[in-house]
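Here it is, the structure, as structure tokens.
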Amino acid sequence: PGASDVFWGGVVSYANDAKLSLLGVSEKLLEAHGAVSEQAAQAMAGGMRSVSGSTWSVAVTGVAGPGGGSPEKPVGTVWFALDGPLRSAWKRALRGDRDAVRARAVQLAIDMLRRAIGREADV
């Protein structure tokens, strides 16, 4: 009870079309940097915040595997972005199978948001 008082919702945007149409990520940005990039993560977080009107937004984009990796972006490459009163983006190389990469990415994203909210409260 009460979750809707603090949580607007979320978007799972695996396809680039979803990033473009739902989150307003630029096609030029995706062409230049790819969907698994700092720029894409930041645009996704900013787009979600804009669409939702929320105070905070978190975006995660990566290669969970087992396929889809490349020498530049191997399986396990994940970018995280936070948009809100504080902004940040960072990359992690996560290990394990698809489920392990996705589970760890969720943990890290939630922790990033928790820490940011805590820092904002201290200011």
Side-chain angles (χ1 to χ4, degrees):
S4 62
D5 293 339
V6 296
F7 183 70
W8 181 85
V11 171
V12 177
S13 60
Y14 277 99
N16 282 352
D17 287 349
K19 291 173 180 60
L20 297 166
S21 64
L22 298 174
L23 301 175
V25 176
S26 151
E27 189 169 359
K28 288 182 181 182
L29 182 148
L30 292 175
E31 289 173 2
H33 303 284
V36 180
S37 65
E38 177 179 8
Q39 295 85 350
Q42 289 174 326
M44 290 166 61
M48 186 65 195
R49 189 164 174 230
S50 178
V51 166
S52 68
S54 63
T55 303
W56 293 97
S57 176
V58 175
V60 178
T61 184
V63 185
S70 69
E72 301 83 29
K73 298 173 187 177
V75 170
T77 301
V78 181
W79 275 98
F80 301 84
L82 177 71
D83 193 297
L86 303 172
R87 293 184 177 143
S88 64
W90 49 286
K91 179 173 81 168
R92 291 290 296 264
L94 304 179
R95 295 182 194 197
D97 64 11
R98 181 176 181 81
D99 288 341
V101 169
R102 294 187 320 173
R104 185 68 177 135
V106 169
Q107 290 173 336
L108 290 168
I110 291 170
D111 191 53
M112 177 176 64
L113 177 60
R114 179 189 62 80
R115 289 173 185 262
I117 291 170
R119 280 193 306 267
E120 184 204 19
D122 291 340
V123 173

Would you kindly confirm whether Trp90 and Val58 end up in one hydrophobic cluster when ILVMFWY residues are joined by side chain heavy atoms under 4.5 Å apart?
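Same cluster: Trp90 reaches Val58 through Ile, Leu, Val, Met, Phe, Trp or Tyr contacts under 4.5 Å.
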State, to 0.1 Å, how close Met112 and Ser88 come at their nearest heavy-atom pair, and which atoms those are.
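Scanning both residues, the minimum pair turns out to be SD-OG, 4.1 Å.
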Work out which heavy atom in Ser37 is nearest to a heavy atom in His33; give both atom names and the distance.
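Where Ser37 meets His33 most closely, the heavy atoms are CB-O, 3.4 Å.
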Nearest 0.5 angstrom please: Gln42 CD to Trp79 CH2, how far?
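Separation between the atoms: 8.0 Å.
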Quick one: does any side-chain atom of Arg98 pair with a main-chain N or O of Gly65 as donor and acceptor, under 3.5 Å?
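Yes, because the side chain of Arg98 sits within donor-acceptor range (under 3.5 Å) of the backbone of Gly65.
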Going only through I, L, V, M, F, W and Y residues with side-chain contacts under 4.5 Å, is there a path from Val63 to Leu94?
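Different clusters.
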With a 4.5 Å limit on heavy-atom distance, are the side chains of Ser57 and Leu82 in contact?
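They are not in contact (no side-chain heavy atoms under 4.5 Å apart), so the answer is no.
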Checking Val11 against Leu23 for the side chain to side chain contact (heavy atoms under 4.5 Å, CB included) test, could you report, in this order, the C-alpha distance in whole Å, the side-chain angles of both residues, the deciding distance, and whether it holds?
CA-CA 8 Å; Val11 171; Leu23 301 175; 4.3 Å; yes
Check the pair Val78, Lys91 against side chain to side chain contact (heavy atoms under 4.5 Å, CB included), reporting the backbone distance first and the verdict last.
CA-CA 6 Å; Val78 181; Lys91 179 173 81 168; over 6 Å; no
What distance separates Asp83 CG from Leu113 CG, expressed to the nearest 0.5 Å?
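That separation rounds to 11.5 Å.
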Nearest 0.5 Å please: distance from the OG atom of Ser26 over to the CD atom of Gln39.
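Reported value, rounded in 0.5 Å steps: 11.0 Å.
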Over 12 foreign heavy atoms within 6.0 Å of CZ, Arg95:
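Not more than 12 within 6.0 Å, no.
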So, for Ala59 and Ala45, which heavy atoms are closest and what is the spacing to 0.1 Å?
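Here Ala59 and Ala45 meet closest at CB-N, 3.5 Å.
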Go through the steps to decide whether Phe80 and Thr61 satisfy the test side chain to side chain contact (heavy atoms under 4.5 Å, CB included), and finish with yes or no.
CA-CA 7 Å; Phe80 301 84; Thr61 184; over 6 Å; no
Provide the closest heavy-atom pair for Asn16 versus Ala35 in the form atom of the first, atom of the second, distance.
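So the two residues come closest at OD1-CB, 3.4 Å.
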Heavy-atom donor-acceptor pair, Arg49 side chain to Thr55 backbone, under 3.5 Å
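Indeed, once roles are kept as given, a pair shorter than 3.5 Å links the two residues.
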Between the main-chain N or O of Val36 and the side-chain N or O of Lys73, is there a donor-acceptor pair closer than 3.5 Å?
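Yes; judged by distance alone, with no hydrogens or angles, the pair exists.
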With distance as the sole test, does Lys19 use its side chain to make a donor-acceptor pair with the main-chain N or O of Tyr14 at under 3.5 Å?
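Indeed, once roles are kept as given, a pair shorter than 3.5 Å links the two residues.
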Find the distance between CD1 (Ile110) and CZ (Arg115) and round it off to the nearest 0.5 Å.
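The CD1 atom of Ile110 sits 13.5 Å away from the CZ atom of Arg115.
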Looking at CZ of Arg114 and CH2 of Trp56, how far apart are the two atoms once the value is rounded to the nearest 0.5 Å?
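Reported to 0.5 Å precision, the distance equals 12.5 Å.
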Met44 with Leu20, same ILVMFWY side-chain cluster at under 4.5 Å
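Same cluster: Met44 reaches Leu20 through Ile, Leu, Val, Met, Phe, Trp or Tyr contacts under 4.5 Å.
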Main-chain N/O of Met48 paired with Ser52 side-chain donor or acceptor, under 3.5 Å
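Side chain of Ser52 to backbone of Met48, a donor-acceptor pair under 3.5 Å: yes, one is there.
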